[in-house]
Amino acid sequence: MDPRRQVPRTDVVMADPRLAEAAGRLGRAIVKSAVGAAQQRARDGEIPPGAVAAQALAELPEHATTLRPVVNATGVLLHTNLGRAPLSDAARAALTAAAGCADVEYDLATGKRGPRGGGTLAALREACPAAEAVQVVNNNAAALVLAATALAAGREIVVSRGELVEIGDGFRLPDLLAATGARLREVGTTNRTTAGDYAAAIGPATGFVLKVHPSNFRIEGFTAAAPIDALAALDVPLVVDIGSGLLTPDPALPAEPDATTVLDAGADLVTASADKLLGGPQGGLILGRHELVQRLRRHPLYRALRVDKLTLAALEATLRGPRPPATRMLHTPVRELRARAERLAQDLAADGIDAVAVDTTAAVGGGGAPGVDLPSAAISLPAAYEPPLRARRVIGRIDGGRLLLDLRSTGTADDGHLLAAALASKEEV
């Protein structure tokens with residue numbers, strides 16, 4: 001008899017209690033697809049017909065999404081390709097709490113409609129008292145688009161030529177702003193722009209002055225940039241994009257701008273990302289003068305850019321809860337990282353793996369603190385370990401012909417997975 005005739009039918013395999021349970025958890029379509037792949041392997045002679053159900057179970061994903069959790073051992077703390085800031089346990093719990101029906105726009109005391117995201121906005125306001133009012137949209141680019149549309153559509157935005165940045169994936173700030181109907185009035189040069197350059201460009205058509213922190217590059221040498229207080233004295237609104245999301249100064253990054261300092265210096269509006277150094281979910285923060293924030297909030301475009309209940313929940317928990325992983329990673333003493341690296345390297349070496357602990361440098365990433373090297377420690381492995389470790393969702397970096405698993409961008413909770421993944425990869429190298 002042709003062995004292919006022994007491959008069990010789909011309905012028979014799907015009736016297996018283990019697969020029936022998985023269908024209730026992941027959805028029937030995902031389970032059926034795994035069953036079909038296992039049946040084909042049986043037809044091709046790769047597995048016996050009786051192993052179809054077990055093979056399908058082995059191939060099922062953990063979750064009903066194609067997004068898979070990974071260990072970020074690249075040494076880039078805010079890795080855009082890996083989702084930037086990992087959320088704190090408090091933020092993850094808040095996501096679960098808000099996942100069902102929640103009082104996002106409902107006042108439980110009165111039984112009437114309530115303000116949207118009031119708790120989150122209050123938490124943000126408390127975290128940055130220098131702001132008269134605050135608002136949240138779905139990312140920092142959206143914050144800038146909303147400001148440009150509400151304050152400068154059909155008018156001019158005065159901006160330095162040295163700050164017309166590309167923000168990633170080919171998106172360029174001048175194109176983004178021009179799409180709002182505003183006109184860009186470029187002043188100064190690539191390397192030097194003074195307050196006088198801005199003042200000379202201001203006229204009846206000026207909507208606002210925009211200052212952009214060059215968060216993903218540095219210009220060194222013969223340079224000049226106008227200070228915030230000088231631009232604030234120009235008698236037109238001053239919008240400052242600080243980018244990476246610090247609300248207050250951080251001694252580990254003394255050159256990185258923060259919202260409190262910029263607002264105290266006279267900025268009218270500050271925009272920033274919530275999913276970078278703040279350590280929260282993706283979001284665009286708007287902080288500043290009450291009248292301007294309200295103009296943005298009441299503009300029709302705001303409706304298209306507002307955040308959902310999950311973002312509101314995770315952001316509030318990030319602001320009110322314990323320090324998020326991004327802050328912990330930034331401030332972990334290097335001696336602790338060395339101790340972890342030495343312990344893990346010794347465990348791997350005891351199993352015959354060429355592993356050593358090495359000193360290295362990490363980076364903030366995510367368009368923040370360009371050129372700042374963070375002292376770190378890593379596990380150094382042969383480069384041949386990179387593909388099998390990546391298949392096991394451990395992402396490192398190749399440096400000097402070796403694979404480095406940088407521990408500054410990981411947590412102690414990741415150590416067991418790092419160790420198990422490296423040991424499992426040994427036979428494939």
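Since we're looking at a predicted model, the values are computed, not measured.
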Could you check whether any side-chain N or O of [X] sits under 3.5 Å from a backbone N or O of [Y], counting only pairs where one atom can act as donor and the other as acceptor?
X	Y	answer
T360	S376	no
T260	L247	yes
R397	L404	no
R116	V307	yes
R92	L87	yes
D268	L238	yes
S425	A421	yes
Q55	A38	no
T206	F208	no
R289	E132	no

Of all heavy-atom pairs between [X] and [Y], which one has the smallest distance, and what is that distance?
X	Y	answer
A326	G279	CB-CA, 4.0 Å
A205	R155	O-CB, 3.2 Å
V13	L19	O-CD1, 3.2 Å
A42	V7	CB-CG2, 3.8 Å
P324	L278	CG-O, 3.5 Å
A362	L77	CB-CD1, 4.2 Å

Could you give the distance from [atom1] ([X]) to [atom2] ([Y]), rounded to the nearest 0.5 Å?
X	Y	atom1	atom2	answer
L146	L296	CG	CG	4.0 Å
L269	L292	CG	CG	4.5 Å
L144	T180	CG	OG1	10.0 Å
T149	H299	OG1	NE2	6.0 Å
I379	T410	CD1	OG1	8.0 Å
I30	L60	CD1	CG	8.5 Å

Side chains of [X] and [Y]: do they bring a donor and an acceptor to under 3.5 Å?
X	Y	result
D308	T311	yes
E256	S244	yes
Y302	Q135	yes
D258	T248	no
R402	S380	yes
T271	N140	yes

Does [atom1] in [X] sit with more than 12 non-hydrogen atoms of other residues, nucleotides or ligands closer than 6.0 Å?
X	atom1	value
Y106	OH	yes
R9	CZ	no
H331	NE2	yes
D11	CG	yes

Please step through salt bridge (Lys or Arg N to Asp or Glu O under 4.0 Å) for the pair R338 and E342, ending with a clear verdict. CA-CA 6 Å; R338 289 194 187 106; E342 289 170 1; over 6 Å; no
Check E336 with R340, please: is the shortest side-chain N to carboxylate O separation under 4.0 Å? no
Is the shortest side-chain N to carboxylate O distance from R172 to E166 below 4.0 Å? yes
For residues [X] and [Y], determine if any side-chain heavy atom of one lies less than 4.5 Å from a side-chain heavy atom of the other.
X	Y	value
P8	Q39	no
R408	V334	yes
V240	L263	no
T194	V187	no
Y385	K426	yes
L78	T80	no

Apply the salt bridge (charged side-chain N to carboxylate O under 4.0 Å, His left out) test between E105 and each candidate in K112, R306, K309; give the one that qualifies. R306
Test salt bridge (Lys or Arg N to Asp or Glu O under 4.0 Å) applied to E62 and R393, step by step: CA-CA 13 Å; E62 298 175 46; R393 305 178 191 174; 2.8 Å; yes
Test side chain to side chain contact (heavy atoms under 4.5 Å, CB included) applied to H417 and V394, step by step: CA-CA 8 Å; H417 184 71; V394 174; 3.6 Å; yes
What verdict does the salt bridge (Lys or Arg N to Asp or Glu O under 4.0 Å) test give for D197 and R192, after you've listed the backbone C-alpha separation in whole Å, the side-chain angles of each residue and the deciding distance to 0.1 Å? CA-CA 10 Å; D197 293 323; R192 293 180 65 83; over 6 Å; no
